[in-house]
Amino acid sequence: MTPQVKAILDKYEATSPAVKANLARILMHGRLGGTGKLIILPVDQGFEHGPARSFAVNPPAYDPHYHYQMAVDAGLSAFAAPLGMLEAGADTFAGQIPTILKVNSSNSWATSITSARTASVEDALRLGCAAIGFTIYPGSDAVFDAMEIIADMAAEAKSVGLATVIWSYPRGGTLTKDGELALDVGAYAAHMAALLGAHIIKVKLPSNHIEQGDAKKCYEGTDWSKQADRVRHVVQSSFAGRRIVVFSGGAAKGADAVYQDARDIRDGGGNGSIIGRNTFQRERGEALAMLDRLVKIYKNEE
């Protein structure tokens, strides 16, 4: 174990050796292993947006083995996906990359912002996963039920040595569309995930918009125009950097924007990227080249 990884794990007090071992599996794996930085491939978009919207632009990506293999070949830190996708490659790729079982999901037809529990901690153990992953939607009225579910599931996961990753995506309620990506809202969402006991927090990169009227005075007098400074504030809101924070790649965008996001995450003290559509919706060679460059950015090689 490297000093960088030990320093991260030392911040997880009251965390069992088994959970720390699984966090170390992720932190020590792949080309970024030992650096304290991560790149995770998440492929749950088929549940959320449908297969054609997710994979038609790159048809080989309909095959779960495609994603496993890309994560392995790129030397990524972990691969996160729902139950069926992990099961489809669990034997072929056993031991080749740490996996995170996404245990709840939604779809694009729902009229309310909610999700269903679609897998269990027992499934994660059966598949040899390092962690479970769960999405909450702060702002939605249904978030309180979701918080109770993940509180119970995280406790169960911790009892059997699995880490917990929380996707915290503000949406619904009185939030405006701009508010979903607002700096104050994103920092609040990350803090909620930390308070729920997440070992790894996944949030979106925030804009410089401030949504909450009562919070505006807390942000006045500071220039929030630089994305790296906004990342630093989200990390600060995650127990002053005592929790691993990774940032979503978001919707498909140009390669230069993806690379700049990574530089800002690195410079702002974030732990890395959890990037899906911006890789698997590209041709395999192009995606691997992009991931190679992202690794170099996080290793301070460019």
Side-chain angles (χ1 to χ4, degrees), residues 11-16 18-20 22-23 25-26 38 40 42-45 47-48 78-86 98-107 110 112-173 175 180 185-204 234-235 237-239 242-248 271 274 276:
K11 295 173 182 175
Y12 286 81
E13 302 183 33
T15 299
S16 73
V19 173
K20 286 189 176 185
N22 272 316
L23 286 172
R25 279 176 66 191
I26 296 171
L38 305 170
I40 298 171
V43 189
D44 59 343
Q45 293 81 0
F47 229 138
E48 306 293 328
F79 172 46
L83 178 63
M85 184 167 281
L86 289 190
T99 52
I100 299 166
L101 176 61
K102 190 67 166 41
V103 295
N104 74 323
S105 293
S106 185
N107 64 56
S112 62
I113 300 168
T114 187
S115 63
R117 175 173 164 171
T118 54
S120 67
V121 171
E122 184 177 325
D123 290 322
L125 281 173
R126 174 174 56 86
L127 293 169
C129 297
I132 62 167
F134 191 95
T135 300
I136 61 171
Y137 299 105
S140 164
D141 290 340
V143 75
F144 302 107
D145 290 336
M147 286 178 174
E148 292 183 2
I149 292 169
I150 188 52
D152 289 342
M153 292 192 77
E156 183 184 358
K158 291 170 186 176
S159 75
V160 295
L162 298 181
T164 297
V165 185
I166 294 182
W167 280 239
S168 193
Y169 286 177
R171 198 174 299 166
L175 282 176
E180 292 178 7
V185 172
Y188 194 174
H191 188 68
M192 278 190 245
L195 291 171
L196 283 166
H199 300 103
I200 300 175
I201 297 164
K202 178 191 177 189
V203 288
K204 297 183 179 182
V234 172
V235 172
S237 299
S238 304
F239 294 168
R242 289 184 174 272
R243 293 296 176 264
I244 297 166
V245 184
V246 293
F247 292 83
S248 168
N271 293 94
I274 180 161

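What you see is a predicted model; the values in this text were computed from it and never measured. We number each residue from 1, following the sequence as shown. Excluded from the calculations below are hydrogen atoms, water molecules and symmetry mates; all remaining heavy atoms, backbone and side chain alike, are included.
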Please list every donor-acceptor pair under 3.5 Å in which a side-chain atom of residues 122-137 meets a protein atom from a residue at least two apart or in another chain.
from: Asp123; atom 1: OD1; to: Arg126; atom 2: NH2; distance (Å): 2.9
from: Asp123; atom 1: OD2; to: Ser120; atom 2: N; distance (Å): 3.0
from: Asp123; atom 1: OD2; to: Ser120; atom 2: OG; distance (Å): 3.1
from: Arg126; atom 1: NH1; to: Glu87; atom 2: OE2; distance (Å): 3.2
from: Arg126; atom 1: NH2; to: Glu87; atom 2: OE2; distance (Å): 2.8
from: Thr135; atom 1: OG1; to: Lys102; atom 2: NZ; distance (Å): 2.8

On a heavy-atom basis, which atom in Ala119 and which in Leu101 lie closest, and how many Å separate them?
CB-CD2, 3.7 Å
Ignoring hydrogens and angles, tell me if any N or O in the side chain of Asn271 forms a donor-acceptor pair with the backbone of Val245 under 3.5 Å.
yes
Once side chain to side chain donor-acceptor pair (under 3.5 Å) is applied, do any residues pair with Tyr188, and if so which ones, sequence neighbours excluded?
none
Minimal non-hydrogen separation, Arg243 against Lys11, with atom names:
NH1-O, 3.3 Å
Of all heavy-atom pairs linking Leu23 and His199, the shortest is CD2-CB, 3.9 Å
Gap between atom CE of Met192 and atom CD1 of Ile201 - 0.5 Å precision:
11.5 Å
Would the number of heavy atoms belonging to other residues, nucleotides or ligands and lying under 6.0 Å from CG of Asn107 be above 12?
yes
Interatomic spacing from CZ in Phe47 to OG1 in Thr118 - rounded to 0.5 Å:
5.0 Å
Taking only distance into account, with no hydrogens and no angle test, what donor-acceptor pairs under 3.5 Å do side-chain atoms of residues 148-165 form with protein atoms, sequence neighbours excluded?
from: Lys158; atom 1: NZ; to: Gly197; atom 2: O; distance (Å): 3.3
from: Ser159; atom 1: OG; to: Glu156; atom 2: O; distance (Å): 2.6

With distance as the sole test, does Thr114 use its side chain to make a donor-acceptor pair with the main-chain N or O of Ala142 at under 3.5 Å?
no
Between Val203 and Phe247, is any pair of side-chain heavy atoms under 4.5 Å apart?
yes
Gap separating the CG atom of Leu195 from the CE atom of Met147, nearest 0.5 angstrom:
9.0 Å
Which word best sums up how the rings of His191 and Phe239 line up, parallel for under 30°, tilted for 30 to 60°, or perpendicular for over 60°?
perpendicular
For Asn22, check side chain to side chain donor-acceptor pair (under 3.5 Å) against everything at least two apart and list the hits.
Arg25
Worked verdict on Phe79 versus Met85 for side-chain contact (heavy atoms from CB on, under 4.5 Å):
CA-CA 11 Å; Phe79 172 46; Met85 184 167 281; 4.0 Å; yes
Between the side chain of Glu48 and the main-chain N/O of Ser106, is any donor-acceptor distance below 3.5 Å?
yes
For Thr99, what residues pass the side chain to side chain donor-acceptor pair (under 3.5 Å) criterion, not counting sequence neighbours?
none
side-chain contact (heavy atoms from CB on, under 4.5 Å) between Tyr169 and Ile113: does it pass, once the steps are laid out?
CA-CA 11 Å; Tyr169 286 177; Ile113 300 168; over 6 Å; no
How close do Gly139 and Leu175 get, counting heavy atoms only, and between which atoms?
CA-CD1, 4.4 Å
Contacts of Ala78 meeting side chain to side chain contact (heavy atoms under 4.5 Å, CB included) (sequence neighbours excluded), chain-then-number -> Ile26, Ile40, Pro98, Ile100
Answer yes or no: is there a donor N or O on one side and an acceptor on the other, between the side chain of Ser168 and the main chain of Ala189, under 3.5 Å?
yes
